[in-house]
Amino acid sequence: MIFRRLSHEGGGATGIRPAFPIFLELQNLPQAPHAVILQPDHSRLAGEIAKRLHASVFGDLPAEVLDAIREHDFGWEMSDRNQLANMRSEPLRPFPQLSPEETHPSWRESVRRAQESSPLKGVIISRHFCALASQFPPHFPFAEAENPRREQIERELKIPREDLDRWTAAIGFCDIVSLYLCCGAREPAEFSLAHPSLPSARQARKVVLEWVQGQPRFTEKIMVPGAAVYASAWEVPALHTTELEWRFLG
């Protein structure tokens with residue numbers, strides 16, 4: 001799950017920072033969150049963002065790729081629901097605070113569910129989690145087991161590697177934009193037009209998301225102006241659901 005804060009402006013840092021450190025700060029604050037967003041709902045938001053990207057950003061995104069982006073965290077459903085069921089006896093924890101032993105089953109379940117529906121969806125989601133795993137040594141075993149399994153499927157699909165790389169960039173970008181929106185940040189943030197966990201992100205073109213009258217706006221035209229996206233949040237501790245809306249300005 002993702003912790004959401006109300007109108008957080010950041011910790012007084014100067015300059016435009018990358019989005020992921022801003023997100024992590026908001027997950028690790030000591031006070032309780034105003035609300036939580038479940039991983040499948042964050043995932044759906046990432047899919048809505050992907051649908052509203054200009055084709056000039058990552059090229060054409062086939063329906064299966066859009067579905068993969070939308071469903072990439074569906075395997076987290078049981079983990080999130082168990083946390084909500086036990087919140088009176090155990091404090092809620094956002095996903096960055098979970099151990100690899102707690103995380104990997106949800107990653108594997110996300111890949112499994114996608115793979116059953118479509119080999120290509122499974123490949124894109126596997127690539128996403130292996131990219132995340134490459135950033136943190138305790139997660140290396142996941143990638144060491146998953147990469148060879150997935151690469152065999154990639155060879156059978158016979159899809160050009162440049163397309164797979166492009167679609168991996170798209171899922172990584174939409175994932176971090178969704179996380180940033182969900183966490184309640186209002187600090188302007190920088191995003192790479194690449195998967196943020198891969199080395200290619202360092203050389204990739206960057207865009208900034210800023211806030212104008214409470215609505216997000218990218219400093220370059222990468223999304224359809226006026227595009228509205230939504231996510232469900234659970235207010236805590238009452239666990240009332242509320243609908244969040246963001247309308248991207250042009």
Is it the case that one hydrophobic cluster holds both [X] and [Y], taking links as side-chain heavy atoms less than 4.5 Å apart, direct or via other members?
X	Y	value
F218	F20	yes
W76	F74	no
L26	L179	no
L239	L38	yes
L45	W211	yes

Legend entry - Residues E102 and S79: side-chain donor-acceptor under 3.5 angstrom: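 No, no side-chain donor-acceptor contact under 3.5 Å.
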Inset, instruction - Examine the side chains of S118 and E64 and answer whether a donor and an acceptor come within less than 3.5 Å of each other. - result: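 The answer is yes; a qualifying pair exists.
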Legend entry - H34 side-chain N/O to R5 backbone N/O, donor-acceptor pair under 3.5 Å: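 No; judged by distance alone, with no hydrogens or angles, the pair does not exist.
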Is [Y] close to [X] at the side-chain level, that is, under 4.5 Å between some pair of heavy atoms?
X	Y	answer
P94	I2	no
V236	P33	yes
L209	P188	no
L181	H42	no
P119	L157	yes
Q215	F248	no
K158	E156	no
W167	I69	no

Considering all heavy atoms of both residues, which atom of [X] and which atom of [Y] are nearest to each other, and what is their separation?
X	Y	value
P91	Q83	O-OE1, 4.1 Å
I171	A68	CD1-O, 4.1 Å
L92	V36	CD1-CG1, 4.1 Å
A201	A194	CA-CB, 3.8 Å

Inset, instruction - Show your reasoning for whether side-chain hydrogen bond (donor to acceptor under 3.5 Å, both in side chains) applies to S106 and E109. - result: CA-CA 5 Å; S106 297; E109 177 63 9; over 6 Å; no
Electrostatic pair [X]:[Y] at N-O distance under 4.0 angstrom:
X	Y	value
D67	R70	no
E71	R44	no
R149	E151	no
E154	R127	yes
E235	R4	no

Inset, instruction - For side-chain contact (heavy atoms from CB on, under 4.5 Å), just list the numbers for V208 and F191, CA-CA rounded to whole Å, side-chain angles, deciding distance to a tenth of an Å, and then say yes or no. - result: CA-CA 6 Å; V208 172; F191 297 81; over 6 Å; no
Measuring from [X]:[atom1] to [Y]:[atom2], what's the distance to the nearest 0.5 Å?
X	Y	atom1	atom2	answer
L198	C130	CG	SG	10.0 Å
M1	F95	CE	CZ	12.0 Å
F3	C183	CZ	SG	12.5 Å
D80	D41	CG	CG	9.0 Å
R186	E210	CZ	CD	13.5 Å
I37	T242	CD1	OG1	10.0 Å

Inset, instruction - Answer yes or no: does atom NZ of K206 have more than 12 heavy-atom neighbours from other residues, nucleotides or ligands under 6.0 Å? - result: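 For K206, atom NZ is crowded (more than 12 foreign heavy atoms under 6.0 Å).
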Inset, instruction - Taking atom CE of M78 as the centre, report whether more than 12 heavy atoms of other residues, nucleotides or ligands fall under 6.0 Å from it. - result: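 No, the 6.0 Å shell around CE holds no more than 12 heavy atoms from other groups.
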Inset, instruction - Start with the C-alpha gap between R112 and Q115, add the side-chain angles, then the distance that decides, and say whether side-chain hydrogen bond (donor to acceptor under 3.5 Å, both in side chains) holds. - result: CA-CA 5 Å; R112 185 196 68 78; Q115 191 74 40; over 6 Å; no
Inset, instruction - Any chance you could lay out the side-chain contact (heavy atoms from CB on, under 4.5 Å) test for V65 and K121, step after step, and finish with the verdict? - result: CA-CA 6 Å; V65 174; K121 285 166 58 175; over 6 Å; no
Inset, instruction - For the pair H195 and H128, name the ring-plane relationship: parallel under 30°, tilted 30 to 60°, perpendicular over 60°. - result: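 Rings of H195 and H128: tilted, 30 to 60°.
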Inset, instruction - May I ask you to decide if the ring planes of W107 and H139 are parallel, tilted or perpendicular, using 30° and 60° as cut-offs? - result: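 Taking H139 first and then W107, their aromatic rings sit tilted (interplane angle of 30° to 60°).
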Inset, instruction - Report the C-alpha distance between N147 and R150 in whole Å, list the side-chain angles of each, state the deciding distance to 0.1 Å, and finish with yes or no for side-chain contact (heavy atoms from CB on, under 4.5 Å). - result: CA-CA 5 Å; N147 276 326; R150 186 200 67 253; 2.9 Å; yes
Inset, instruction - Just do the salt bridge (charged side-chain N to carboxylate O under 4.0 Å, His left out) check on E190 and R17 with the steps written out, would you? - result: CA-CA 6 Å; E190 181 183 79; R17 296 192 293 160; over 6 Å; no
Legend entry - Stepwise side-chain contact (heavy atoms from CB on, under 4.5 Å) test for L164 and L120: CA-CA 9 Å; L164 294 177; L120 176 57; 4.0 Å; yes
Inset, instruction - Decide yes or no on ring pair (Phe, Tyr, Trp, His ring centres under 6.0 Å) for F129 and F136, but give the supporting numbers first. - result: CA-CA 12 Å; F129 289 129; F136 187 43; over 10 Å; no
